[in-house]
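The block underneath contains the structure these notes are about, expressed in structure tokens.
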Amino acid sequence: MRYLVFTALALVLLVGASSALPNQVTQTIVATATGGDVDQGAENYVYEAGGEGTIVTQTIDMTAEGTGWVEQDANNDAYYVDGDGAVVTQSMSMEASGEDVFQNWYWGYGNYADIYGLGTTATQNIWQVADAENYAGQYAWNGAEQDSGLITQGIGQAAVAGGDIDQYAYNDVYSYGDNSAVVQDVSMDANAGGYAYQDGYNYADMYAFDTIMVDQSATLNAVAGDWVEQYFYNENWYAGTNTWSAQDIIMSGTGDDVDQYLYNYFSSDGAVSESTQVLEAAANSEGYAYQDAYNEALTFGDDVLGQSIYLNAVAADYATQYGWNDAYVYGNNLNLGQLSWISGDADYVYQDAYNYAEFMDSVTVAQDIAFTAISDDVGVDQYGYNEATNYPLYFTGGESTNSIGQSISAAATGGDISYQDLWNYADTYWNWDPSTYTVTQNNVATLSANDEAYQWMYNWVDWWYSNTGPVAMNINGDASADYVDQYHENWLEVYT
């Protein structure tokens with residue numbers, strides 16, 4: 001009988017022990033290798049850790065020097081870390097030199113954390129440095145999921161190669177509770193004797209919960225003996241209400257041909273305190289330069305929104321530049337600024353800028369487009385369009401008081417045949433209830449071409465008959481060439 005009692009007690013203790021989880025885990029790997037061909041692999045793995053204030057720390061540090069190829073693959077994984085105030089820290093460092101260098105190129109990916117509880121903190125960092133005689137390939141990914149807390153993600157990549165370079169860097173966050181915050185940053189630097197290719201994103205899905213802030217940034221720099229292609233986007237989805245959002249991307253590319261694509265997207269399910277979106281790109285090309293920049297925001301009022309684009313390109317052949325800002329605001333109380341600033345110098349320059357805003361009541365909208373272009377041969381095409389519309393009031397009605405300011409400035413010099421087609425359009429037609437609008441439109445341009453110059457400039461306002469308020473429309477255009485086609489129009493249409 002005594003033995004049965006002891007056996008039963010032992011079973012109880014074992015059951016209790018099996019249900020307990022570690023609440024402090026530290027995992028560290030340091031690997032150093034020197035040789036001809038080098039293959040390094042490392043992994044830290046935790047499945048379940050829990051309790052209030054749980055701490056999980058995972059570190060990987062890899063260094064390799066090879067005379068042949070070098071491969072480095074590593075992962076930090078922390079699954080089911082559960083506890084209010086839990087802290088997860090993951091860091092990964094890779095440094096390698098060799099004929100060909102591959103970092104997280106085969107089975108490794110980076111850091112992943114899955115965290116449950118309130119007031120948690122996760123920090124994920126990846127650093128990759130490659131020095132290759134021939135080829136360098138780098139891949140990095142941070143992924144994290146949280147209930148409610150702060151997630152900070154950083155990726156830094158630097159590569160030098162006598163041949164080609166490919167770089168990929170991605171941050172992902174999924175947040176499932178109120179009072180969360182996200183900070184994401186990517187830095188990519190490539191110096192290649194061949195081509196340089198860079199691709200990355202920062203992505204945060206806040207699932208319509210109230211969000212404290214999301215801060216997303218990226219800096220990409222590439223110099224290549226061949227072509228350069230750069231792609232990056234920031235996306236902040238369903239940020240809830242009363243959030244603060246900042247998104248910015250900076251790109252620089254130098255090569256035979258340069259392609260740059262940059263994109264910011266922000267959406268919220270409620271009123272927002274402040275959101276800024278900034279895109280900057282500079283291209284220097286011995287062939288062509290292509291730049292495509294786009295900001296988009298969707299919110300529900302009480303906003304301070306800023307969207308800015310700055311593009312600069314210098315190319316031997318042609319430069320093509322797009323700078324578009326879109327803002328959709330389905331709520332009252334908005335202060336919106338949209339800017340597209342574009343500068344180009346090439347044999348042929350094509351520039352396209354578009355600011356678009358949908359708004360409701362108690363709104364101040366400022367839209368600005370600025371072009372500068374120099375053509376060394378063929379000519380310049382400049383197309384600018386500002387549009388602000390109260391179309392959402394068609395569905396809700398109601399009196400409103402709003403201010404709209406629209407401005408375009410364009411300068412084009414050189415080339416045989418050049419075009420300017422520039423529009424400001426304020427649409428105040430849709431609410432059909434007595435309202436007050438202040439509208440100011442400025443359209444200023446200079447155009448100088450050798451053979452033919454075509455300059456068309458427009459200010460348009462659509463006005464509902466019961467609206468009141470001042471309207472000021474100004475056009476100042478100057479064009480010179482052997483042949484000039486010039487048409488300017490201020491148009492105020494009153495609808496009843």
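Given the structure is predicted, the values throughout are model-derived calculations rather than measurements. Residues: numbered from 1 along the sequence shown. Heavy-atom basis, side chains included; hydrogens, waters and symmetry copies ignored.
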Next item on the list: Examine distances only and state if a side-chain atom of Thr428 and a backbone atom of Asp462 form a donor-acceptor pair shorter than 3.5 Å.
Entry: yes

Check: Do Trp324 and Tyr354 have ring centres separated by under 6.0 Å?
Finding: yes

Checklist line | Leu339 to Asn355 - nearest heavy-atom pair and separation | finding: N-OD1, 4.3 Å

Margin query: Looking at every heavy atom in both Ser217 and Asn234, which two are closest together, and how far apart are they?
Written below: N-OD1, 4.3 Å

Notebook entry, point to check: Backbone N or O of Gly255 within a donor-acceptor pair of the Asp226 side chain at under 3.5 Å?
Noted result: no

Margin query: Let me confirm one number: the CG-OG1 distance from Asn221 to Thr254, rounded to the nearest 0.5 Å.
Written below: 7.0 Å

Notebook entry, point to check: Hey, does Ser400 have a side-chain heavy atom less than 4.5 Å from the side chain of Leu393?
Noted result: yes

Notebook entry, point to check: Would you say the ring centroid of Phe395 lies under 6.0 angstrom from that of Trp430?
Noted result: no

Item checked: Nearest-0.5 Å distance, CG of residue Leu220 to CD1 of residue Ile249 -> 8.0 Å

Notebook entry, point to check: When the aromatic ring centroids of Tyr201 and Tyr170 are compared, is their separation below 6.0 Å?
Noted result: yes

Next item on the list: Answer with yes or no whether the side chains of Glu145 and Tyr112 bring together a donor and an acceptor at under 3.5 Å.
Entry: yes

Notebook entry, point to check: Do you know which two heavy atoms are closest between Ala130 and Val101, and how far apart they sit?
Noted result: CB-CG1, 3.7 Å

Next item on the list: For the pair Asn402 (side chain) and Ser362 (backbone), establish whether a donor and an acceptor sit closer than 3.5 Å, ignoring hydrogens and angles.
Entry: yes

Notebook entry, point to check: Using the benzene-type ring in the case of Trp, are the ring centres of Tyr429 and Tyr391 under 6.0 Å apart?
Noted result: no

Note to self: Any heavy-atom pair between the side chains of Phe102 and Asp73 that's under 4.5 Å?
What the structure shows: no

Next item on the list: Measure from the ring center of Tyr203 to the ring center of Tyr174 and say whether it is less than 6.0 Å.
Entry: yes

Checklist line | Aromatic centroids of Tyr350 and Tyr322 separated by under 6.0 Å | finding: yes

Next item on the list: To the nearest 0.5 angstrom, please state how far the CD atom of Gln216 sits from the CD atom of Gln277.
Entry: 9.5 Å

Checklist line | Between Tyr231 and Tyr197, ring centroids under 6.0 Å | finding: yes

Check: So which heavy atom on Met360 is nearest to which on Gly331, and how close?
Finding: SD-N, 3.3 Å

Margin query: When you measure from the side chain of Asp433 to the backbone of Gly397, do you find a donor-acceptor pair of N or O atoms at a distance under 3.5 Å?
Written below: no

Margin query: Centre-to-centre under 6.0 Å for Tyr290 and Tyr318, is that the case here?
Written below: no

Margin query: Taking the ring of Trp432 and the ring of Tyr394, is the distance between their centroids below 6.0 Å?
Written below: yes

